[in-house]
Amino acid sequence: MQKIRTNTAATLPDSDEAADKDKALSLSARAMVRPAYLDSLNEAQREAITELDGAVLVLAGAGTGKTRVLTTRIAHILATGRARPGEILAVTFTNKAAREMRSRIGTLIGAQVEGMPWLGTFHAISARILRRHAELVDLTSSFTILDTDDQIRLLKQLLDVENIDEKRWPARQLAAYIDNWKNRGLLPDKVQDGESFVFAEGRGAALYAQYQKRLKELNAVDFGDLLLECLRLFQENSSVLSEYQQRLRYILVDEYQDTNVAQYLWLRLLAQGGGNVCCVGDDDQSIYGWRGAEVGNILRFEHDFPGAKVVRLEQNYRSTGHILAAASAVIANNQDRLGKTLHTEDSEGEKVKLQGCWDDEEEARCVCEDIEQLQRRGHALNEIAILVRASFQMRAFEDRFVTLGLDYRVIGGPRFYERLEVRDATAYFEATLNPSNDLKFERIINTPRRGLGDSTLNILHTHARSQSIPLMQAARTLVETEELKPAQRRSLTDLLAQFDRWRALADKMPHTELAELILDESGYTTMWQNDKSPKAASRLDNLKELIRVMEDYDSLAGFLEHVSLVMDRDGENGEDMINLMTLHSAKGLEFETVFLSGWEDGLFPHQRSLDESGAAGLEEERRLAHVGLTRAKMRAKITFAQNRRTHGLWQQAIPSRFIDELPEANVEVEQAASQYGGYGMSRFDEQESFLTGDYGTPGWQRARARKAKGGSVAAAPTLDAEYRVIASETANGSDFQLGERIFHQKFGYGAITRIDGNKLTVDFDKAGQKKVVDSFVERH
DNA sequence: TTCAATCGTCTTTTT
DNA sequence: GACGATTGAA
């Protein structure tokens, strides 16, 4: 791509007279010069870039130069002086996409991108806005962003207090429902009564409300809240909204087909200012319906933005003829489409290969044989990818790679920041900076082992809850009493002192040194050094890596923000390795050779998708197939196994129905699957037996919930009520009288001899004189 | 409170 | 067939 200086418009020579006649150039009169970055684009692309006013929807099929259009459009806006970098809002879904966009704009226009503060993911931009106006949504600007772990822990506590059987109603299930509501922009009071019954016999919405309340108490938000609270901020503060509407005059959205309702509302509010919106997407690549993405958003675009211009990018620059034909034929089976016809000027190329295997091991063996052959013919491993439907399929391939000594990388695998040791370490940092972060404190209070187990934690919780204070503060009070056993008391005192020390050091030393100090002094490093398990060494490595990554940030707080928002680790793209990933994480990537494995009914299309969403689910799976095929530039090979082991048991499988949808003209069967008499035969009679065992599906669970609803819905006391009871008991707790007789669970009866705030000194009849906290005693 | 052993559950995809 | 949660013993 050509490099252009920042002052492009002024310095470019008026070299291309012919271009002025180009109909696609509908620039305002003052920009008659056609800048060089518009060369070598096709007409549709150029139109998508130069239509700057009003709303534009760019329907960009796979491999049609979508990112190029987006980045060039931004360059064009800047070059024509329409807006300054700080006035352009460019939203992506992944950090990877944001990073790539930033670097490609950089190549186009130079260093100016540094000044594009509003280029990022929905979540990152929302977080940025929220920090600025935190107090308007009952937070402070130092709010923390909870990870899934914290979320589950918090919900477990709520369920516990509510006396809901966690076996029957798992916390992660509730988390999923809450997430779902948030994706749809629903605050607790907006959740329909009927929907509340999906969880714990109608208490779903109430639990959601409790959860939100706890988050506010903790000065925390979860992922969904970033958008939802931002939305609330805009809706409730019109002056704030109009400030952003005026500033962000040009809005660009990547992967518009993946937006959920909350994101859609968010965008709409911002776009109502100037209305210069450009959304780029492909309804055929919408594969995130399960997490709330609404294909409807893209299908409805012209309705939502009246007068919107729709540009179709249909020329594919990526794949050869056979591959593109196969992909198009599969996706043509979908009903709900805006419709695009991809075409290529490339040659026919090789046909899509199809091969059946006995089981997953043989599948891995065959694929690896092909790979080795490609390697011998001089193809780079980097240009080879294996795409699977579900991550458990990766194991067979990894085993094979290790046996053969082939280098590989897993893309989108367990993320760095999600690792146990990284989370523990960041929990220490977070608890140091923010002593009221109960969840982080709780996470590490007994890691490494300090003898502070469940019973100690329970005491802390009881006290903290009754006083509505953070755990660490409760701990501070309790260590001055004799509520705890001496060993625990000593241990907890030491821990608190350490935190105080670290906190005091926070401004006095570089944050990386402080981090190392914390990990060493807390005994966390030692814990892993003493661990003999094979994983310990790599955990220590990860801790070192963590410190190294921290150097890129100028403070601990800044680093922690990134840990919670930046989801993907930096791709080590240098070495030559095979790429192994799920179909979902393959979106947006391309490779010369692509292996698509596990095309079996039940796995792909995935059974659960069919159970949950029926025909719509099938269509989404089919889009996934389309995404998979269109990743390939030169070669695509589909494999399926006849037998696959799922949790120990061997299960028979039949080839995917998507295989039936491939046109025979574009496919070459490499080796007939022994049992099926080859490719193309009808096999739907066998499906009945295959599809049994649907107990435990969500449909079944809903039926169960409905049944339960018919029964008793007697309301257990809400958490709110419980808090109130405790509060009323403790509100006037400080006015215990000297000499008053009291009862304590552990020490029995006694008389108060001294009152010191909420700490009481009591002469117990049996236990002698003890210091206790007032919330643990009751009047006798 | 901790450790070890057992039992049951789960495996789609992720910002 | 792996991980988590729960249980019982030291």
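We name chains A, B, ... by the order of the sequence lines, and we start the count at 1 in each one.
- More than 12 heavy atoms of other residues, nucleotides or ligands shown are found within 6.0 angstrom of CG on A:D552.
- The closest side-chain donor-acceptor pair between A:D494 and A:Q498, if any, does not fall under 3.5 angstrom.
- Between the base of B:dT13 and the side chain of A:H584 there is a donor-acceptor pair shorter than 3.5 Å.
- Remark: A:R489 does not engage A:E483 in a salt bridge, criterion side-chain N to carboxylate O under 4.0 Å.
- Across B:dT12, B:dT15, B:dC3, the shortest atom-to-atom separation from the side chain of A:H123 is found for B:dT15.
- Distance A:R99 CZ to B:dT15 P: 12 Å, rounded to the nearest Å.
- Remark: A:R172 CZ is loosely packed, at most 12 non-hydrogen atoms of other residues, nucleotides or ligands lying under 6.0 Å away.
- Between A:D601 and A:R657 there is a salt bridge, since at least one side-chain N of the basic residue sits less than 4.0 Å from a carboxylate O of the acidic one.
- Of the candidates B:dT14, B:dT11, B:dC3, B:dT14 carries the atom nearest the A:R291 side chain, counting heavy atoms from C-beta on.
- Between A:D222 and A:K182 there is a salt bridge, since a side-chain N of the basic residue sits under 4.0 Å from a carboxylate O of the acidic one.
- By the stacking rule of 5.5 Å between ring centres and under 30° between planes, A:W290 does not stack on the base of B:dT12.
- A:T456 comes within contact range of the sugar-phosphate backbone alone, with a heavy-atom separation under 4.0 Å but no base atom that close.
- The existence of a salt bridge linking A:D424 and A:K440 is excluded, since no basic side-chain nitrogen approaches an acidic carboxylate oxygen closer than 4.0 Å.
- Taking atom NZ of A:K587 as the reference point, atom P of B:dT14 lies 12 Å away to the nearest angstrom.
- With B:dT14, B:dC3, B:dT15 as the choices, the nucleotide that has an atom nearest any side-chain atom of A:F223 turns out to be B:dT15.
- Remark: C1' of B:dT13 and CZ of A:F93 are 15 Å apart, rounded to the nearest angstrom.
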So which protein N/O to nucleotides 5-8 of chain C N/O distances come out below 3.5 Å?
unit_1: C:dA5; atom_1: OP1; unit_2: A:K156; atom_2: NZ; d: 3.0

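- Rounded to whole angstrom, the span from the CG atom of A:N183 across to the P atom of B:dT13 amounts to 17 Å.
- No contact: A:D258 has no heavy atom under 4.0 Å from any strand.
- Phosphate contact (OP1/OP2 of B:dT2, side-chain N/O of A:N446, threshold under 4.0 Å): present.
- One can place CG of A:N180 at 18 Å from P of B:dT14, the figure rounded to the nearest angstrom.
- If A:I287 and A:G453 are placed on DNA chain B by their nearest nucleotide, the residue sitting closer to the 5' end is A:G453.
- Nearest approach of A:E363 to A:A641, heavy atoms of both residues: OE2-N, 4.4 Å.
- We find that A:R184 and A:E294 are not joined by a salt bridge, their nearest charged nitrogen and carboxylate oxygen being 4.0 Å or further apart.
- Phosphate contact (OP1/OP2 of B:dT12, side-chain N/O of A:R389, threshold under 4.0 Å): absent.
- Contact annotation: A:S126 side-chain N/O to B:dT15 OP1/OP2 distance is not under 4.0 Å.
- One interatomic measurement links the two molecules: CG of A:L452 to C1' of B:dT2, which rounds to 13 Å at whole-angstrom precision.
- Residue A:D399 contributes atom CG, which lies 11 Å from atom P of C:dG1 at whole-angstrom precision.
- Cation-pi check for A:R608 over A:W290 is not met; the charged atom does not lie both under 6.0 angstrom from the ring centroid and within 45 degrees of its normal.
- A cation-pi contact links A:R131 to A:F143, judged by a cut-off of 6.0 Å to the six-membered ring centre and 45° from its axis.
- Within 4.0 Å of A:R395, counting heavy atoms only, lie sugar-phosphate atoms of the nucleic acid but no base atom.
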request  = Could you summarise the pairing of DNA chain C as dot-bracket text, marking Watson-Crick and G-U pairs under 3.5 Å with ( ) or [ ] inside the strand and | across strands?
outcome  = .|||||||||

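- Heavy-atom distances to DNA chain B give each of A:S391 and A:Q488 a nearest nucleotide, and the one nearer the 5′ end belongs to A:Q488.
- Checking B:dT15, B:dT11, B:dT12 against the side-chain heavy atoms of A:F392 singles out B:dT11 as nearest.
- One can place CZ of A:R128 at 21 Å from P of B:dT15, the figure rounded to the nearest angstrom.
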